[in-house]
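Order of the sequence lines sets the chain letters (A, B, ...), proteins ahead of strands, with each chain counted from 1. Below, each value reflects all heavy atoms present in this structure, side chains not excepted, and no hydrogens, waters or symmetry copies.
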Amino acid sequence: MVRLSRSALAESSDVVAQALLGVILESEVGGARVAIRLTEVEAYGGAADPASHAYRGRTPRNEVMFGPAGFLYVYFTYGMHWCANVVCGPEGDGSAVLLRAGEVVEGVAVARVRRPTARNDRELARGPARLAAALGLTGADGGTDLLDPRKPVRLTGPLGSVASEDVATGPRVGLTKAAETPWRFWVRDDPTVSPYRAGALRRGGSPA
DNA sequence: GATAGGATGCTCT
DNA sequence: GAGCATCCTATCC
């Protein structure tokens with residue numbers, strides 16, 4: 001186990017992703033407190049990873065990815081969902097770890113209100129957009145320093161608390177590029193891990 | 001239980 | 001204008 005620090009998060013994204021499993025992410029937005037234990041993450045590289053938002057260089061949206069490690073990157077996708085990432089790697093690299101799922105360990109009642117469609121507590125944060133919704137995260141929270149205890153969103157607990165034999169790996173979910181890279185990491189046999197779905201055609205039509 | 005298809009709007013080309 | 005790091009509902013076992 002390693003103490004959670006900015007320098008520890010500045011390692012490459014695949015190393016940081018595994019280490020983040022078991023870490024607690026807590027938020028106090030809107031006056032309510034919710035904490036989640038991370039059970040599933042995905043690593044995204046910088047300019048060298050075609051699936052990363054940083055692949056095409058720095059833009060207004062992904063600017064925080066190129067900043068120092070330990071900051072929160074939140075983006076809006078599919079016209080309705082927010083997804084949360086932890087910036088990692090050396091400053092200027094553009095690497096990040098997508099937070100895909102977790103177990104709500106505090107503030108379950110609040111999370112239930114934010115996620116009315118969840119049929120049980122395991123589904124409260126099972127999926128990246130669901131995790132962000134359960135914590136109440138939106139684009140307004142992007143750029144928060146997750147290592148600053150005075151901020152409303154922060155990471156706590158040691159890195160690497162899940163033993164390596166309990167960490168499973170596989171391809172990343174829902175991508176259309178570099179989907180085969182095994183940079184998804186999850187806690188083996190944990191019921192809050194999201195179901196795998198391969199990337200597929202989205203809109204408009206019939207194949208051929 | 002599994003799978004297929006539609007919703008919806010921001011971002012970059 | 002096309003594409004998207006998704007979720008929900010309906011439907012069929």
Do NZ/NE/NH1/NH2 and the carboxylate oxygens of [X] and [Y] come within less than 4.0 Å?
X        : Y        : answer
A:Glu63  : A:Arg58  : yes
A:Glu28  : A:Lys151 : no
A:Arg154 : A:Asp145 : no

Round to the nearest Å and state the distance from [X] atom [atom1] to [N] atom [atom2].
X        : N     : atom1 : atom2 : value
A:Arg126 : C:dA5 : CZ    : C1'   : 18 Å
A:His53  : C:dC4 : NE2   : C1'   : 8 Å
A:Arg61  : C:dC4 : CZ    : P     : 11 Å
A:Tyr78  : C:dG3 : OH    : C1'   : 9 Å
A:Phe185 : C:dA5 : CZ    : C1'   : 15 Å
A:Trp82  : C:dC7 : CH2   : C1'   : 16 Å
A:Met80  : B:dG6 : CE    : P     : 13 Å
A:Leu72  : C:dA5 : CG    : C1'   : 15 Å

Under a 3.5 Å limit for both distances, which nucleotide forms a Watson-Crick or G-U wobble pair with [N], could you say?
N      : result
C:dC13 : none
B:dT8  : none
C:dA5  : none

Quiz item: Is there a donor N/O on one and an acceptor N/O on the other, under 3.5 Å, for the side chain of A:Tyr75 and the base of C:dA5?
Solution: yes
Taking only N and O in the side chain of [X], is any of them less than 4.0 Å away from OP1 or OP2 of [N]?
X        : N     : answer
A:Thr176 : C:dG3 : no
A:Thr77  : C:dA5 : no
A:Arg100 : C:dT6 : yes
A:His81  : B:dT8 : no

Quiz item: Just checking A:Ala51: base, sugar-phosphate only, or nothing, at a heavy-atom cut-off of under 4.0 Å?
Solution: base
Exercise. May I ask you to say what A:Arg119 touches in the nucleic acid, namely base, sugar-phosphate or nothing, with a heavy-atom cut-off under 4.0 Å?
Key: nothing
Exercise. Output yes if the stacking criterion (under 5.5 Å between centres, under 30° between planes) is met for A:Tyr44 over the base of C:dA5, else no.
Key: yes
Quiz item: Taking the side chain as C-beta and beyond, is there a heavy-atom pair between A:Tyr55 and A:Lys177 under 4.5 Å?
Solution: no
Quiz item: Of the candidate nucleotides B:dC10, B:dT8, C:dC7, which contains the atom at the shortest distance from the side chain of A:Arg115?
Solution: C:dC7
Quiz item: Is a side-chain donor-acceptor pair under 3.5 Å present for A:Thr192 with A:Glu40?
Solution: no
